[in-house]
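What follows is a single structure, written as structure tokens, with notes after it.
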There are 2 protein chains.
Amino acid sequence: MTDKKIIPMTDDIEIPPRRPLTLRDVSEASGVSEMTVSRVLRNRGDVSLATREKVLKAAKTLGYVPNKIAGALASSRVNLVAVIIPSMSNMVFPEVMTGISEVLDDTPLQPVVGVTNYLPEKEEEVLFEMLSWRPSGVIIAGLEHSDASRAMLKAAGVPVVEIMDVDGEPVDAVVGISHRRAGREMARAIVKSGYRNIGFLGTKMPLDHRARKRFEGFTEALAKEGIEVMDQEFYSGGSALAKGREMTETMLQRSEDIDFLYYSNDMIGAGGLLYCLDQGIKVPSDLGLAGFNGVELLDGLPRKLATMDSGRKAIGREAARIIAGRIDGSITEGGQRIELTPKLEPGETLRRYR
Amino acid sequence: MTDKKIIPMTDDIEIPPRRPLTLRDVSEASGVSEMTVSRVLRNRGDVSLATREKVLKAAKTLGYVPNKIAGALASSRVNLVAVIIPSMSNMVFPEVMTGISEVLDDTPLQPVVGVTNYLPEKEEEVLFEMLSWRPSGVIIAGLEHSDASRAMLKAAGVPVVEIMDVDGEPVDAVVGISHRRAGREMARAIVKSGYRNIGFLGTKMPLDHRARKRFEGFTEALAKEGIEVMDQEFYSGGSALAKGREMTETMLQRSEDIDFLYYSNDMIGAGGLLYCLDQGIKVPSDLGLAGFNGVELLDGLPRKLATMDSGRKAIGREAARIIAGRIDGSITEGGQRIELTPKLEPGETLRRYR
DNA sequence: ACTTTGTCTGTTATCGCTAACCTCTCCGAT
DNA sequence: ATCGGAGAGGTTAGCGATAACAGACAAAGT
């Protein structure tokens, strides 16, 4: 207040700050200590109404944006939750994110996303990078990680929730469904409907452990009925819908007797369905179809594809709840395990119970 | 090295560190100064091979993860680029992200995503939050921002690239297409194909400025031909594909003479197309259809929907290039403007030139 | 032998903020 | 009058890294 700086007076009202603003600038502008400004800006401790308003006004007119880097370092509190997922471009992870955001929006926490493209090395990199920002929690897809990744997760000293899958050993908490079981249940439903010559069409199979586990559960349950998968086809890359068409065509030509196609996800399943309708193949009487995930896209198809809802939004919500609870102290122990039950949605591409 | 801590000796070999590791721990473990460790870990300055190896080994066995918060504060360098987009769940932004990542992967920079759900207030919040981490650059969708947001962007003192749209005044650089022009061109193509009774079906229209501008350009070009949009229908929320069906049904019932439907995006367009095929409506002879975006999903449809590719990946790449260039100093001035040209893809839902 | 140069490593002072502690005032209870 | 304690705000010391400068030492030049 007393020390005046020589400011070149021009016609401008705003003096664009070359150097980014700090608490000190606000403190000088409002005539109180930096600490008080800090208190006002964080709504901490007792500050008189008058001072509070003075400070807020100064901060606003200056356009002050607090530096969280400094804040985080000083308080060793970071309101970030690392979310590590394999991909953003299929319909599944955006929905998981929605569930996570829904819950975190009511907390001071903020999700930060890292994408691994289903590559373990990339996962390791992304994890390392994210942990170096010292997030307050980690949500990570899948249970399969490199040793180094697991070590980092353990050493991070923050809550970790592995999501999507429960078939395996989690580092800490886990929220998901059993994909093996999902595969088994679908197999049973298919057999129950009277199909016997079954083909499997899959995606990114070496890398997508969840798809792999579904396939394993699927073949296992079929084996119990004395049935073997008649044909299989894998792909990766390209437009899933178009790939679904192509693969379906290929398989139907190769294996004429086939009467059911189980797809590793709804997108290629939808492609297959559209292909069948185009070709005038009678679905579900001559050929049954099923996918996996329960994406809402299916609602717009001419016929509703049989699928199994994987509860993505719920998974996101539960995972976020665990993280939030552990951070705010309302949950004290770790290692929780939430297994959701996928629901079979028979749609219209599975013969009615016979 | 000299001061021994009392550690309860158990059978475990690893002593899980309760307190997160710091440079000091590595420095003590390897017998050199913190500074040297820092140099090794960042590959800066000269360090003898012997020391380097010693340090790296210590860091690895301890499982040290550098604290970027401290690093960023000390160096006032943050390798993050804030990317602010309205939504993650449609197909367009994941593709933009792909373009961005492609370019940033070759740099030390890392994208961090914030989602606004098309809400200006949320955009302001997200922007504030991200700027408080002092990113090295900002990529933000759209040219329409609240005054406060624009002020923050200007004051941030980092390169800003507004993407997707070029119809308006950017804060700094801009990369995108002209949606007004896209609308106009589509209108011309439609009229040229002989359609006259044209309906428009749109999404999230009050909030999605790009869709609005396309609509404006569209009606403007039609007006030049003395044509008025015959009917229009808007929606928000729900499964886009299913909504496309519903809206199409509604409109066709309401306005019997209609012979063309222009959709504000490919997803609802695809829904409309599927509906028409279901109903046995002759596309494109009795009814023409067109969407917008050029999403790859269209490749799998029974008939290829007319659309206009918005070059999302290219937009992401160009934006990232500007940011990267400005940060590494290879680009010195700001304010660049890159207008990409959307390409009409007539597909099979637009009558051939008559 | 003595400076010069370069290589490698250590020391010191921040970066912008917050935790923890401290001071001062004022007011009611005793 | 004295004391306790709440309310309001200030002071000091880091948080964990890095920039910038400052040695130490060995090889090289004169």
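Chain identifiers are assigned alphabetically (A, B, ...) following the order of the sequence lines, protein sequences preceding nucleic acid strands; residue numbering begins at 1 within each chain. All heavy atoms count here, side chains included; hydrogens, waters and symmetry mates do not.
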Taking protein heavy atoms under 4.0 Å as touching, what does nucleotides 12-19 of chain C look like 5' to 3' if B marks base contact, S marks sugar-phosphate-only contact and - marks none?
-> ---BBBBB
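For B/S48, a side-chain nitrogen or oxygen approaches OP1 or OP2 of C/dT9 to under 4.0 Å. One finds no side-chain N or O of B/S33 lying less than 4.0 angstrom from the OP1 or OP2 phosphate oxygen of C/dT11. OP1 or OP2 of D/dG10 lies within a sub-4.0 Å distance of a side-chain N or O belonging to A/T36.
In this model, a donor atom of one side chain and an acceptor atom of the other lie less than 3.5 Å apart for A/E162 and A/H145. There is a side-chain donor-acceptor pair under 3.5 Å between A/R326 and A/Q336. Side-chain contact annotation: A/S101 with A/T98, donor-acceptor N/O pair under 3.5 Å absent.
Distance A/D46 CG to D/dG10 P: 14 Å, rounded to the nearest Å.
In A/R42, the CZ atom is crowded: over 12 heavy atoms of neighbouring residues, nucleotides or ligands sit closer than 6.0 Å.
Expressed to the nearest 0.5 Å, how far NZ of A/K57 lies from CG of A/L62 amounts to 10.5 Å.
Among the candidates A/D25, A/V55, A/L21, A/V37, the single residue satisfying the side-chain contact (heavy atoms from CB on, under 4.5 Å) test with A/Y64 is A/L21.
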